[in-house]
Amino acid sequence: MKLLNKRAIVTGGTRGIGKAIVKELVQNGCNVVFTYFSSDESARSLENELSNESVKVFGFKADASSFAAADETVKFAIEKLGGVDILVNNAGITKDTLMLRMSESDFDLVINSNLKSVFNYTKAILKTMISQRFGKIVNISSVVGIVGNPGQANYVASKAGVIGLTKSNAKELASRNINVNAVAPGFIETDMTDKMNDQQKEAILSNVPIKRLGKPEDVAKTVLFLCSSDSDYITGQVLTVDGGMVM
Ligand code: NAP
């Protein structure tokens with residue numbers, strides 16, 4: 001129970017990595033408000049599965065790219081949980097294609113969903129965290145934000161941006177006892193990577209020393225570490241969870 005009675009917001013909690021993060025936090029005693037874009041049914045079933053007498057879990061429909069919706073999420077979380085100690089910026093999408101074919105709207109959509117969303121939620125939660133002189137912020141980036149990837153210029157730019165935002169916020173907020181770190185997953189088995197065919201998966205695995213794709217739980221356990229007091233002296237870091245692919 002590393003997060004007993006703590007209160008968290010997790011964006012994009014209905015599927016994949018976000019869902020595993022919600023479960024990991026709840027299993028460690030944390031009350032959670034998770035957001036989602038459209039999966040109402042999954043949200044209600046996750047609430048029912050995880051809520052019990054000692055832990056509260058609420059789903060909240062909110063487009064992460066909307067500045068106003070981030071503010072509404074924070075108000076909802078404070079009303080339901082009494083405050084917020086932890087923010088995990090996980091929501092993200094891909095719209096992959098080569099630069100030559102990439103439309104302006106697909107560039108903007110990915111930047112707004114993956115990078116501006118981190119600004120939106122960090123900004124919305126900051127006054128609360130500063131006044132309580134405590135906060136843990138974990139931003140989900142990607143290894144491709146470190147090394148680049150053809151066919152993902154919009155996604156890579158957003159994830160590299162998340163790393164820059166993480167480091168600047170870590171420097172600005174350390175004196176307020178707020179830790180800001182990023183996790184950079186490699187290839188993790190979720191709906192996002194399900195689109196790849198066997199040949200693409202084989203090509204990726206040939207560059208993964210641990211020789212398997214990651215599981216959402218591999219990422220969730222790292223997020224738990226960065227949300228807990230075990231990582232109090234760590235800020236501004238990017239932890240790769242990628243089976244050794246990038247080193
Ligand atoms: P996923 O399975 O596609 O799930 C995405 C989650 O984000 C869903 O809960 C979805 O809600 C939510 N979401 C998407 N756009 C949103 C928006 N605009 N507002 C609110 N919620 C939104 O994705 P994943 O693979 O778990 O990825 C999670 C994060 O890890 C992303 O930031 C991704 O870039 C990053 N990542 C993933 C991998 C990987 O290999 N999978 C690798 C590196 C980094 P709905 O269910 O309502 O659509």
Of all the heavy-atom pairs spanning [X] and [Y], show the shortest one and how long it is.
X: R212; Y: D218; answer: NH1-OD2, 3.0 Å
X: K95; Y: N154; answer: O-ND2, 3.0 Å
X: V57; Y: V26; answer: CG2-CG2, 3.6 Å
X: F119; Y: L165; answer: N-CD2, 3.9 Å
X: N207; Y: A203; answer: ND2-O, 3.7 Å
X: M129; Y: I178; answer: CB-CD1, 3.6 Å

Is there a donor-acceptor pair under 3.5 Å between the side chain of [X] and the backbone N or O of [Y]?
X: S113; Y: S65; value: no
X: R15; Y: S42; value: no
X: N149; Y: Q152; value: no
X: N114; Y: I93; value: yes
X: S228; Y: F225; value: yes
X: E189; Y: K215; value: no
X: Q132; Y: V84; value: yes
X: T14; Y: A43; value: no
X: N120; Y: A70; value: no
X: R7; Y: A77; value: no

Charged N to carboxylate O under 4.0 angstrom, E72 versus K75?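 K75 and E72: not salt-bridged.
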Would you mind checking if K23 and E217 are paired as a salt bridge, meaning a charged N to carboxylate O distance below 4.0 Å?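 The answer is no: the pair does not qualify as a salt bridge.
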Side-chain donor/acceptor pairs under 3.5 Å, residues 141-148, sequence neighbours excluded:
residue: S141; atom: OG; partner: K159; partner atom: O; Å: 2.9
residue: S142; atom: OG; partner: V144; partner atom: N; Å: 3.2

Could you go through L226 and L239, starting from their C-alpha distance and side-chain angles, then the distance that decides it, and tell me whether this counts as side chain to side chain contact (heavy atoms under 4.5 Å, CB included)? CA-CA 9 Å; L226 291 173; L239 287 188; 4.1 Å; yes
Classify the angle between the aromatic ring planes of F58 and F76 as parallel (below 30°), tilted (30 to 60°) or perpendicular (above 60°).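 Perpendicular: the ring planes of F58 and F76 meet at over 60°.
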Path from [X] to [Y] over hydrophobic side-chain contacts below 4.5 Å:
X: V55; Y: V32; answer: yes
X: F60; Y: F37; answer: no
X: V183; Y: V10; answer: yes
X: V246; Y: I204; answer: yes
X: V33; Y: L25; answer: no

Audit row: V88, I9, side chain to side chain contact (heavy atoms under 4.5 Å, CB included) steps and yes/no: CA-CA 6 Å; V88 182; I9 292 175; over 6 Å; no
Do other residues, nucleotides or ligands put more than 12 heavy atoms under 6.0 Å from [X] [atom1]?
X: D198; atom1: CG; value: no
X: K123; atom1: NZ; value: no
X: I234; atom1: CD1; value: yes
X: K61; atom1: NZ; value: yes
X: R176; atom1: CZ; value: no
X: M196; atom1: CE; value: yes

Say you draw a straight line from [atom1] of [X] to [atom2] of [Y]; how long is it, rounded to the nearest 0.5 Å?
X: L126; Y: L87; atom1: CG; atom2: CG; answer: 10.0 Å
X: K127; Y: I125; atom1: NZ; atom2: CD1; answer: 12.0 Å
X: K221; Y: I21; atom1: NZ; atom2: CD1; answer: 12.0 Å
X: F187; Y: D242; atom1: CZ; atom2: CG; answer: 10.0 Å
X: T35; Y: N90; atom1: OG1; atom2: CG; answer: 8.5 Å
X: N112; Y: S117; atom1: CG; atom2: OG; answer: 8.5 Å

Side chains of [X] and [Y] in contact at under 4.5 Å (non-hydrogen atoms):
X: V223; Y: C227; value: yes
X: Q27; Y: L50; value: no
X: F134; Y: K6; value: yes
X: I17; Y: I188; value: yes
X: T94; Y: V110; value: no

Show the numbers, then the answer: is there a side-chain hydrogen bond (donor to acceptor under 3.5 Å, both in side chains) between T235 and N179? CA-CA 5 Å; T235 199; N179 301 52; 4.7 Å; no
Verify side-chain hydrogen bond (donor to acceptor under 3.5 Å, both in side chains) between T73 and Y121, making sure each step is shown before the conclusion. CA-CA 9 Å; T73 309; Y121 275 86; 2.9 Å; yes
If you apply the rule side chain to side chain contact (heavy atoms under 4.5 Å, CB included), what do you find for L224 with N28, and how did you get there? CA-CA 9 Å; L224 171 66; N28 279 274; 3.4 Å; yes
Take D85 and K136, measure what salt bridge (Lys or Arg N to Asp or Glu O under 4.0 Å) needs, and give me the verdict at the end. CA-CA 7 Å; D85 310 291; K136 297 272 191 180; over 6 Å; no
Quick check on side-chain hydrogen bond (donor to acceptor under 3.5 Å, both in side chains): which of T122, N181, N139 does T166 satisfy it with?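 With T166 as partner, side-chain hydrogen bond (donor to acceptor under 3.5 Å, both in side chains) holds for just one option, N139.
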Any chance you could lay out the side chain to side chain contact (heavy atoms under 4.5 Å, CB included) test for F34 and E47, step after step, and finish with the verdict? CA-CA 9 Å; F34 66 86; E47 281 175 345; 4.3 Å; yes
